[in-house]
Amino acid sequence: MNTLPPLFLSHGSPMLALEPGATGAFASALGPAIDRTFGRPQAVLAVSAHSTARAPVLLAAARQHAVHDFGGFPEPLYALRYDAPGAPGLAPAVAALLGAAGEQPHVVDQGGLDHGIWSMLRFMYPDADVPVLPLAWMPHQSPERQFAFGRALAALSAQGVLVMGSGSITHNLRRVFASGRAEVDAEEVTESRQFRDWFAARSAARDWPALWDYRRQAPFAADMHPTDEHLLPWFVAAGAGGEAETPVRLFDAVTYGCLGMDAYAFGPAAPALAAAL
């Protein structure tokens with residue numbers, strides 16, 4: 001087992017599960033590329049925009065299941081399942097890493113995979129045979145603090161654990177539903193393109209101070225992220241990869257004209273994953 005690159009995956013809308021498009025094709029290729037290059041992960045530690053808390057919480061159930069944490073979507077979406085094994089044996093090790101970094105994590109024997117987790121994993125590992133340990137995190141903390149939180153998880157990558165942040169590189173649902181739901185293949189708005197380009201350029205330059213200060217420095221930051229929770233998992237995954245390594249954008253796409261679907265890999269193994277895709 002080689003060291004796995006931590007990932008940030010944009011999951012966009014829950015409709016991804018029914019309208020996979022290019023993102024679904026990418027995610028379907030991603031799991032096999034990880035397996036070929038690094039070996040099958042022992043577990044996935046999932047940090048999603050939709051599982052948050054006031055302190056870190058590890059959902060260490062023995063079995064996980066898909067949670068349909070959304071409303072107003074087509075009925076077939078609610079019939080989808082993703083019943084994966086949990087990773088209760090991993091939870092104490094993760095809790096110890098967080099505790100050593102000054103956090104006060106909680107471990108509970110409850111489970112549930114929000115749609116930011118299962119909507120991606122059902123393409124990556126459709127047999128639901130990789131154990132999953134969701135980690136609820138604190139969205140009120142700054143990007144720099146989220147990076148430090150991720151840094152505490154860095155040792156997991158060498159232990160066969162895939163650290164997966166799930167959110168969206170741009171995320172403004174008011175734009176998506178402004179006149180009824182936008183077309184999934186709508187042309188990208190200028191604001192989204194400029195924000196994504198800025199983020200990719202600053203990532204390629206390893207300009208961490210600018211990235212941590214994205215809300216002031218990035219173009220259209222408040223428009224593309226009225227709230228932070230969908231972007232902050234990027235910083236957790238980046239922290240797990242390490243400040244010395246250049247983030248690698250694995251995938252560049254947009255849905256509904258303004259939901260960026262970019263995916264990034266972090267750490268020294270990120271280029272190998274990019275080459276495998």
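- Every residue two or more places apart in sequence or in another chain that forms a ring-ring contact (aromatic ring centres under 6.0 Å, His included) with His115 is listed here: His11, His50, Phe70.
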Could you go through Trp118 and His68, starting from their C-alpha distance and side-chain angles, then the distance that decides it, and tell me whether this counts as side chain to side chain contact (heavy atoms under 4.5 Å, CB included)?
CA-CA 10 Å; Trp118 65 260; His68 301 92; 3.9 Å; yes
Side chain to side chain contact (heavy atoms under 4.5 Å, CB included) for Leu80 and Leu18? Distances and angles first, verdict last.
CA-CA 9 Å; Leu80 296 177; Leu18 299 180; 4.2 Å; yes
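- Residue pairs meeting the side chain to side chain donor-acceptor pair (under 3.5 Å) criterion with at least one partner in residues 96-108, sequence neighbours excluded, are Glu103-Arg145.
- Taking a cutoff of 4.0 Å between a charged side-chain nitrogen and a carboxylate oxygen, Asp252 and Arg193 qualify as a salt bridge.
- Checked by atom type and distance alone, the side chain of Asp35 never pairs as donor or acceptor with a backbone atom of Phe38 at under 3.5 Å.
- Sorted by first and then second residue, the side chain to side chain donor-acceptor pair (under 3.5 Å) pairs involving residues 265-277 (not counting sequence neighbours) form an empty list.
- A side chain to side chain donor-acceptor pair (under 3.5 Å) check over residues 258-277, counting only residues at least two apart or in different chains, returns the pairs Arg196-Asp262, Arg249-Asp262.
- Counting only N and O atoms by type, the side chains of Glu144 and Ser142 include no donor and acceptor under 3.5 Å apart.
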Kindly indicate, with the supporting measurements, whether the criterion ring pair (Phe, Tyr, Trp, His ring centres under 6.0 Å) is fulfilled by His225 and Phe195.
CA-CA 10 Å; His225 287 283; Phe195 181 92; 5.4 Å; yes
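- Screening Val254, Leu16, Leu259 for a side chain to side chain contact (heavy atoms under 4.5 Å, CB included) involving Thr23 leaves a single residue, Leu16.
- Taking 4.0 Å as the cut-off between side-chain N and carboxylate O, Glu245 and Arg206 do not count as a salt-bridged pair.
- Taking CG of Asp207 as the start and OH of Tyr214 as the end, the distance is 15.5 Å to the nearest 0.5 Å.
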List the steps, then state whether side chain to side chain contact (heavy atoms under 4.5 Å, CB included) holds for Leu156 with Leu45.
CA-CA 9 Å; Leu156 296 171; Leu45 180 71; 3.6 Å; yes
Starting from the C-alpha separation in whole Å, work towards a yes-or-no answer on side chain to side chain contact (heavy atoms under 4.5 Å, CB included) for Met164 and Leu121.
CA-CA 10 Å; Met164 184 186 84; Leu121 289 179; 4.1 Å; yes
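- The two residues Ala46 and Val132 make their nearest non-hydrogen contact at CB-CG1, 4.3 Å.
- Residues passing the side chain to side chain contact (heavy atoms under 4.5 Å, CB included) test with Pro32, sequence neighbours excluded: Arg36.
- The two atoms that bring Ser203 and Trp234 nearest to each other are OG-CZ2, 3.3 Å, heavy atoms only.
- The backbone N or O of Met15 lies less than 3.5 Å from a partner atom in the side chain of Ser13, making a donor-acceptor pair.
- At least one side-chain heavy atom of Gln64 sits less than 4.5 Å from a side-chain heavy atom of Pro134.
- Under a hydrophobic clustering in which Ile, Leu, Val, Met, Phe, Trp and Tyr are joined whenever their side-chain heavy atoms come within less than 4.5 Å, directly or via other members, Val163 and Leu58 fall into the same cluster.
- Side-chain atoms of Leu153 and Val236, non-hydrogen and from C-beta on, do get closer than 4.5 Å to each other.
- Counting non-hydrogen atoms of neighbouring residues, nucleotides and ligands closer than 6.0 angstrom, the CG atom of Asp197 exceeds 12 such neighbours.
- Between Asp223 and Asn172, the shortest heavy-atom distance links the atoms O-ND2, 2.6 Å.
- Across Val248, Leu4, Leu7, a single residue satisfies side chain to side chain contact (heavy atoms under 4.5 Å, CB included) together with Leu273, and that is Leu7.
- Counting only distance, with no hydrogens or angles, the side chain of Thr170 and the backbone of Cys258 share a donor-acceptor pair below 3.5 Å.
- In this structure, the side chains of Glu191 and Met224 come closer than 4.5 Å at one or more pairs of heavy atoms.
- A single hydrophobic cluster is not seen to contain both Phe8 and Leu30; linkage of ILVMFWY side chains at heavy-atom distances under 4.5 Å, directly or through other members, places them apart.
- A donor-acceptor distance shorter than 3.5 angstrom exists from the side chain of Ser28 to the backbone of Gly24, with no hydrogens or angles considered.
- Screening residues 78-97 for side chain to side chain donor-acceptor pair (under 3.5 Å), with sequence neighbours left out, gives Arg81-Asp83.
- Side-chain atoms of Gln217 do not come within 3.5 Å of backbone N or O of Leu211 as any donor-acceptor pair.
- Hydrophobic clustering (ILVMFWY, side-chain heavy atoms < 4.5 Å, transitive): Phe235 and Phe266 are in one cluster.
- Within the structure, the salt bridge (charged side-chain N to carboxylate O under 4.0 Å, His left out) test picks out the following pairs touching residues 125-135 (sequence neighbours left out): Arg40-Asp129.
- In the hydrophobic cluster analysis, where Ile, Leu, Val, Met, Phe, Trp and Tyr join through side-chain heavy atoms closer than 4.5 angstrom, Val44 is grouped apart from Leu133.
- By the 4.5 Å heavy-atom criterion applied to side chains, Leu135 and Pro56 are counted as neighbours.
- Pairs of residues two or more places apart, or lying in two chains, never qualify as salt bridge (charged side-chain N to carboxylate O under 4.0 Å, His left out) while including a residue from residues 230-242.
- Pairs engaging residues 236-256 under the ring-ring contact (aromatic ring centres under 6.0 Å, His included) rule: Phe26-Phe251 [sequence neighbours left out].
- Heavy-atom minimum distance, Thr3 versus Ala269: O-CB, 3.4 Å.
- Using a 4.5 Å cut-off between side-chain heavy atoms of Ile, Leu, Val, Met, Phe, Trp and Tyr, with links allowed through other members, Leu162 and Leu277 fall into the same hydrophobic cluster.
- Between Leu59 and Gly112, the shortest heavy-atom distance links the atoms CD1-O, 4.0 Å.
- A ring-ring contact (aromatic ring centres under 6.0 Å, His included) check over residues 132-175, counting only residues at least two apart or in different chains, returns the pairs Phe147-Trp208, Phe147-Trp212, His171-His230.
- Atom-to-atom distance recorded for Asp213:CG and Arg202:CZ is 12.5 Å, nearest 0.5 angstrom.
- Taking each heavy atom of Ser48 and Gly116 in turn, the nearest pair found is OG-CA, 3.8 Å.
- Not counting sequence neighbours, Arg54 has no partner by the side-chain hydrogen bond (donor to acceptor under 3.5 Å, both in side chains) test.
- With sequence neighbours excluded, no residue satisfies ring-ring contact (aromatic ring centres under 6.0 Å, His included) with Tyr125.
- Between Ile34 and Pro41 the shortest side-chain heavy-atom distance falls below 4.5 Å.
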